[in-house]
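Below, each value reflects all heavy atoms present in this structure, side chains not excepted, and no hydrogens, waters or symmetry copies.
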Amino acid sequence: MTGPVDTDDQDDPPPPAATAGARDALALETIEVDLFVEALFRRYGYDFRDYGKASLTRRVRNLATGFGAATISELTARMLHAPERLPDIISGLSVPVSEFFRDPHVFLALKERVFPLLASYPEINIWQAGCAHGEEIYSLAILLTEAGLYERTRIFATDISKAALNRAAEGIYPLQEAREAGRRYRAAGGSASFSDYFHARYELMKLDQRLAANVTFAEHNLVTDGVFCEAHLVLCRNVLIYFTTPLQDKVLQRFAQSLVRGGFLCIGTRENLEFSQARNRFQLIDGAAQLYRLLPGAGGA
């Protein structure tokens with residue numbers, strides 16, 4: 001029903017007591033989240049202290065609900081005394097969002113601007129940090145295969161979540177994703193058919209295991225763990241947006257240390273190095289794809 005607004009039906013401003021109560025509840029929640037994060041770090045070594053507060057708070061709230069905890073403090077107590085639930089905790093705090101050939105223009109840029117230079121190396125190392133459920137790993141493997149580079153490539157797929165890594169290693173996804181994945185595959189410069197790379201059964205698609213033959217799946221914490229490998233290309237897409245600026249700088253420094261001289265870095269399309277301390281270490285190659293190249297003498301491996 002439409003018509004004139006009845007001001008009598010509109011919500012009145014909350015009374016001062018209610019506003020003060022809301023502020024007190026928010027302050028209490030902030031303390032609880034800080035204590036949860038500190039306890040997680042001191043008990044298990046997982047450091048979320050420099051993650052973005054807003055998104056981290058939402059995830060901790062969701063964890064408390066999922067665990068049936070009345071408060072975040074109760075969630076903290078359960079986490080401290082039930083180490084067997086740690087994988088569930090880490091899985092809930094991470095953001096395993098991915099899809100095949102996400103942002104096709106990024107994969108097209110890799111194919112056209114990076115692959116020809118990678119072809120000059122007898123062996124190629126690629127590190128995908130924060131691989132989530134693995135869709136982008138298999139996307140990369142497909143394009144490397146079609147470029148004739150996969151046989152001499154080793155892909156290191158890392159994530160903080162063991163559950164996400166297990167799913168990525170299985171390579172099994174809903175079949176309903178195939179049509180849209182095929183469209184993005186063609187937009188990314190695919191030269192065959194996406195259906196050539198999976199077997200369909202029971203509404204699921206199983207990726208060709210040959211695509212995982214040169215992939216190493218491993219747990220790695222970008223916050224606390226060191227340089228993972230000597231890489232010619234590092235991909236870390238849509239992970240940095242969840243970090244504070246100091247943590248972004250720390251991770252980008254680690255990537256610079258991981259890359260060979262003249263190596264490439266690809267970050268998320270909503271991320272950039274403009275305000276980072278690392279901006280002087282990299283040359284922007286493609287702004288739309290957020291593709292960078294390590295400058296000479298900038299600390300490569």
Side-chain angles (χ1 to χ4, degrees), residues 62 66 87-88 90-112 114-115 118 124-220 233-239 266-270 289:
N62 292 336
D88 297 327
I90 299 303
S91 180
L93 292 177
S94 59
V95 188
V97 178
S98 186
E99 60 186 15
F100 291 101
F101 300 97
R102 177 169 56 171
D103 303 318
H105 67 281
V106 173
F107 284 91
L108 184 62
L110 291 173
K111 176 183 177 180
E112 294 180 345
V114 177
F115 285 10
L118 294 184
I124 303 165
N125 287 336
I126 296 176
W127 177 17
Q128 174 138 19
C131 70
H133 293 153
E135 290 94 325
E136 292 188 48
I137 288 293
Y138 293 108
S139 302
L140 192 63
I142 288 171
L143 293 183
L144 286 166
T145 298
E146 294 180 354
L149 298 177
Y150 187 67
E151 288 302 317
R152 51 179 153 138
T153 299
R154 171 63 63 184
I155 301 176
F156 299 93
T158 66
D159 201 278
I160 195 174
S161 170
K162 183 179 293 186
L165 287 168
N166 289 340
R167 181 170 172 183
E170 287 179 348
I172 300 175
Y173 305 93
L175 183 59
Q176 64 186 17
E177 297 179 8
R179 181 185 296 273
E180 183 62 21
R183 183 194 67 77
R184 290 193 298 267
Y185 161 75
R186 292 186 294 273
S191 59
S193 171
F194 182 65
S195 61
D196 294 340
Y197 297 101
F198 68 85
H199 306 282
R201 190 177 183 185
Y202 302 128
E203 301 302 319
L204 296 172
M205 57 177 174
K206 167 72 172 175
L207 272 293
D208 191 326
Q209 280 301 103
R210 287 176 293 182
L211 297 174
N214 293 350
V215 180
T216 299
F217 295 97
E219 284 187 78
H220 183 270
L233 168 64
V234 172
L235 296 100
C236 183
R237 303 186 60 220
N238 302 312
V239 175
C266 186
I267 59 178
T269 55
R270 292 186 294 164

Open item on the list: Does Arg152, at its CZ atom, have more than 12 non-hydrogen atoms belonging to other residues, nucleotides or ligands within less than 6.0 Å?
Closed with: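 More than 12 heavy atoms, drawn from other residues, nucleotides or ligands, come within 6.0 Å of this atom.
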
Non-hydrogen side-chain atoms of [X] and [Y] separated by less than 4.5 Å:
X	Y	value
Ile126	Leu144	yes
Phe217	Asp159	no
Lys162	Ile90	no

Minimum heavy-atom separation for [X] to [Y], with atom names?
X	Y	result
Tyr185	Ala192	OH-N, 2.7 Å
His105	Thr269	NE2-CG2, 4.0 Å
Phe115	Ala147	CD2-CB, 3.9 Å
Thr158	Trp127	OG1-NE1, 2.9 Å
Ala132	Ala168	O-CB, 3.9 Å
Ala157	Val215	CB-CG1, 4.1 Å

To the nearest 0.5 Å, how far apart are [atom1] in [X] and [atom2] in [Y]?
X	Y	atom1	atom2	result
His133	Ile137	NE2	CD1	13.5 Å
Asn214	Tyr150	CG	OH	4.0 Å
Asp103	Leu108	CG	CG	12.0 Å
Ile142	Phe198	CD1	CZ	9.5 Å
Cys266	Gln128	SG	CD	9.0 Å
Leu204	His199	CG	NE2	14.0 Å

Open item on the list: Which residue in the set Leu143, Leu118, Leu235 passes side chain to side chain contact (heavy atoms under 4.5 Å, CB included) when paired with Leu110?
Closed with: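 Passing option: Leu235.
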
- [ ] Could you tell me whether Arg183 and Glu180 have a side-chain N and a carboxylate O separated by less than 4.0 Å?
- [x]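 Yes, charged N to carboxylate O under 4.0 Å.
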
Task: Short N-O contact, Arg102 and Glu136, less than 4.0 angstrom - done: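 Yes, this pair counts.
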
Open item on the list: I need the single residue from Tyr138, Phe100, Tyr173 that forms a ring-ring contact (aromatic ring centres under 6.0 Å, His included) with Phe194. Which is it?
Closed with: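 Only one of Tyr138, Phe100, Tyr173 forms a ring-ring contact (aromatic ring centres under 6.0 Å, His included) with Phe194, namely Phe100.
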
Task: Worked verdict on Leu175 versus Arg201 for side-chain contact (heavy atoms from CB on, under 4.5 Å) - done: CA-CA 8 Å; Leu175 183 59; Arg201 190 177 183 185; over 6 Å; no

